[in-house]
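Everything below concerns the one structure shown next.
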Amino acid sequence: MRGRFTYPAALVAQIGDLACASSPAVVAIDGRSGSGKTSVAAFLAGRLNAVVVVAGDDFYRDQSDDVRRRLSPAAGVQGWFDWQRLRAQ
């Protein structure tokens, strides 16, 4: 981890309060490449119970860079990610 970040205990408590056995909380972390999303997920996972971290990178389709570059943004949304597997898992 390059930088150091501190998140208030109130954030962890609030997420914990939202989650219960019958209705788990879903926390989405978004950001640019290299912005620390994985570090934030690990931080929260280390402080909350029963956490499952799903990394979006795990759902990229195996395509050559040439194929990826030829896709328009609209086609890329459908072509870059394996949405069916993401939803199923």
Side-chain angles (χ1 to χ4, degrees):
M1 181 169 60
R2 287 188 303 217
R4 183 182 174 119
F5 57 89
T6 304
Y7 289 92
L11 174 62
V12 174
Q14 188 175 18
I15 293 169
D17 289 346
L18 290 172
C20 65
S22 62
S23 180
V26 175
V27 177
I29 302 169
D30 191 17
R32 297 177 68 162
S33 179
S35 63
K37 299 177 296 293
T38 300
S39 297
V40 171
F43 176 89
L44 292 174
R47 286 155 181 80
L48 297 166
N49 294 323
V51 173
V52 176
V53 176
V54 179
D57 290 350
D58 295 341
F59 296 93
Y60 276 112
R61 292 185 191 272
D62 188 22
Q63 296 177 344
S64 70
D65 288 339
D66 186 48
V67 170
R68 287 185 192 274
R69 281 189 213 105
R70 287 192 310 242
L71 295 172
S72 69
V77 167
Q78 296 304 315
W80 293 330
F81 296 100
D82 188 345
W83 293 108
Q84 290 175 330
R85 188 167 67 88
L86 178 65
R87 287 182 186 111
Q89 292 182 356

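- V53 is not listed as a side-chain neighbour of T38, based on a closest heavy-atom distance of 4.5 Å or more.
- Within a 6.0 Å sphere centred on CG of D17, other residues, nucleotides and ligands contribute more than 12 heavy atoms.
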Please tabulate, for the side chains in residues 68-78, all donor-acceptor contacts under 3.5 angstrom to protein atoms that are two or more places apart in sequence or on a different chain.
residue: R68; atom: NH2; partner: R61; partner atom: O; Å: 2.4
residue: R70; atom: NH1; partner: D66; partner atom: OD2; Å: 2.7
residue: S72; atom: OG; partner: A75; partner atom: N; Å: 3.1

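- Looking at D82 and Y60, their side chains never come closer than 4.5 Å, going by heavy atoms from C-beta outward.
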Could you give me the CA-CA distance, side-chain angles and deciding distance for V54 and L86, then say whether side-chain contact (heavy atoms from CB on, under 4.5 Å) is met? CA-CA 9 Å; V54 179; L86 178 65; 4.2 Å; yes
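- To the nearest 0.5 Å, atom CG of residue L48 and atom CD1 of residue I15 are 5.5 Å apart.
- Around atom CD of Q63, more than 12 heavy atoms belonging to other residues, nucleotides or ligands sit under 6.0 Å away.
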Apply the test side-chain contact (heavy atoms from CB on, under 4.5 Å) to residues V51 and V27: give CA-CA distance (whole Å), side-chain angles for both, the deciding distance (0.1 Å), then the verdict. CA-CA 10 Å; V51 173; V27 177; over 6 Å; no
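- Every residue two or more places apart in sequence or in another chain was checked for a side-chain contact (heavy atoms from CB on, under 4.5 Å) with A42, and none qualifies.
- The stretch residues 31-50 participates, sequence neighbours left out, in no salt bridge (Lys or Arg N to Asp or Glu O under 4.0 Å) pair at all.
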